[in-house]
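Working notes, structure below.
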Protein chains: 2
Amino acid sequence: MRYPWWQHRLYKAGYRLTNPRQVVINILKNTDKHLSAEDIYVDSLKINSSIGLTTVYRTLDLFQQIGIVQKFDFGEGKARYELIKNPIKKEHHHHIICVKCKEIVDYTDFLNEELELINKTEKALSEKYQFKILHHTVHFYGMCSKCQAT
Amino acid sequence: MRYPWWQHRLYKAGYRLTNPRQVVINILKNTDKHLSAEDIYVDSLKINSSIGLTTVYRTLDLFQQIGIVQKFDFGEGKARYELIKNPIKKEHHHHIICVKCKEIVDYTDFLNEELELINKTEKALSEKYQFKILHHTVHFYGMCSKCQAT
DNA sequence: ATTGACAATGAAAATCATTATCAATAATAG
DNA sequence: CTATTATTGATAATGATTTTCATTGTCAAT
Ligand SMILES: [Mn+2]
Ligand SMILES: [Mn+2]
Ligand SMILES: [Zn+2]
Ligand SMILES: [Zn+2]
């Protein structure tokens, strides 16, 4: 593979590789945070000061559609995005969110057990409710240690 | 108990029972749908045509804070609300959402197993990440049978 | 019954995230 | 290099939610 996997996916889907798209990918690649469109936009200006917020939104939307990025909604009134690390062995994880400071923690503990149950549930729900289930989210909301102290 | 539980809760928290608050409660009590603030507002006008959308938002927010109502975000760009049926034996459930038509299904199948695992996970996460976990959401996203046909 | 303190309300304006429009620009096939 | 189209960025528009503020309702104490 001459190109990184996401680049393949872009081309295969008939899209061009442009500077804004590279910039967005790089920002996401270099963080473990869950960035909002605005966050990404601000960072992108440091690299290419002519990128527009609209393009950031469009890019994130495109990336989400072709499976390069995951979009999350943690109930803040704005979306957050995360790069998919490896499309083969999906590095699936779940989230813990601090309701006060909005810190977001990825966790994979117990994931085997969790996923086993989730697969089972998914199958049963598919049958009972006639849904073709595509993905799921598991979010735990609580207070981080810092915020508990307050 | 002379009052319904939610009324107690309102008073205990030092709030008054007003007409808009009753109207909102009644709307939520008489549906199994997941209504948006706007939905509730439209319905409320049929009962009391002088209620303001602002008040509906304020009321829902208050109800959520004192634990009468649950607010959900299914990634539509607007929140949806659901009355908590019984605060004692929490009638907890999880959701399946059609990504196309946005139909939302409550399910409680497998909930015992699910909740058992979730409790276990919750405990482990609490310790490892020092979070005091308050609640959680489990959402399955997919396509309902109607939308698959298209 | 009246009053005062303060909670609650509704209308309107403000804010914030996201989307639509459209003319200008950049990417690639030939 | 040039033509064809995808992509972009500035701007305006939208939709949900929040803020502001003057008015109204509630309730306990006169
Ligand atoms: Mn994550
Ligand atoms: Mn529900
Ligand atoms: Zn926190
Ligand atoms: Zn559907």
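As the structure is a prediction and not an experimental result, all values here were calculated from the model. Heavy-atom basis, side chains included; hydrogens, waters and symmetry copies ignored. Here is how names work: the chains are called A, B, and so on, in the same order as the sequence lines, proteins then strands, and each is numbered from 1.
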Using salt bridge (Lys or Arg N to Asp or Glu O under 4.0 Å) as the criterion, point out the one residue from A/Asp73, A/Asp106, A/Asp39 that pairs with A/Arg80.
A/Asp39
B/Ser36 near the nucleic acid: base, sugar-phosphate alone, or nothing, with a heavy-atom cut-off under 4.0 Å?
nothing
Considering every strand and a 4.0 Å limit on heavy-atom distances, what is the contact class for A/Arg21: base, sugar-phosphate, or nothing?
sugar-phosphate
Starting at [atom1] of [X] and ending at [atom2] of [N], how long is that distance when rounded to a whole Å?
X	N	atom1	atom2	answer
B/Glu76	D/dT17	CD	C1'	15 Å
B/Asp39	D/dT17	CG	C1'	15 Å
B/Gln65	D/dT18	CD	P	11 Å
A/Arg58	D/dA6	CZ	P	14 Å
A/Asp73	D/dT17	CG	C1'	14 Å
A/Asn48	D/dT7	CG	C1'	14 Å
B/Glu38	D/dT18	CD	C1'	15 Å
A/Tyr57	D/dT8	OH	C1'	17 Å

Parallel, tilted or perpendicular: which one describes the rings of A/His95 and A/Phe72, with boundaries at 30° and 60°?
perpendicular
Within a strict 4.5 Å, meaning less than it, do heavy atoms of the A/Trp6 and A/Lys29 side chains meet?
yes
Is any side-chain heavy atom of B/Ile47 closer than 4.5 Å to one of B/Asn26?
no
Is it the case that one hydrophobic cluster holds both B/Leu45 and B/Ile25, taking links as side-chain heavy atoms less than 4.5 Å apart, direct or via other members?
yes
Linking I/L/V/M/F/W/Y whenever their side-chain heavy atoms sit closer than 4.5 Å, directly or via other members, would A/Leu117 and B/Leu125 fall into one cluster?
no
Carboxylate-amine/guanidinium proximity below 4.0 Å for B/Arg58 and B/Asp61:
no
B/Lys120 and A/Glu113 ion-paired at < 4.0 Å:
yes
For a quick check, with a 4.0 angstrom heavy-atom cut-off, what is the B/S/- contact string for nucleotides 23-30 of chain D, read 5' to 3'?
--BB----
Ring centroid separation for A/His139 and A/Phe74, is it under 6.0 angstrom?
yes
Report yes if the distance between the aromatic ring centroids of A/Tyr3 and A/Tyr11 is under 6.0 Å, otherwise no.
yes
At a heavy-atom distance below 4.0 Å, which nucleotide of DNA chain C is the first touched by chain A, and which is the last?
C/dA17 to C/dT28
Toward the 5' end of DNA chain D, by each residue's nearest nucleotide, B/Thr54 or A/Leu62
A/Leu62
Identify, between A/Tyr41 and B/Gly77, the residue whose nearest nucleotide on DNA chain D lies closer to the 5' end.
A/Tyr41
Pairing donors with acceptors under 3.5 angstrom, does anything connect the side chains of A/His135 and A/His92?
no
Any donor-acceptor N or O pair under 3.5 Å, side chains A/Glu114, A/Tyr107:
yes
Please give the angle, rounded to 10 degrees, between the axes at the start and the end of the helix from C/dA1-D/dT30 to C/dG30-D/dC1, where five pairs define each axis.
30°
Which of D/dT20, D/dT8, D/dA10 is nearest the side chain of A/Pro20? It is D/dT8
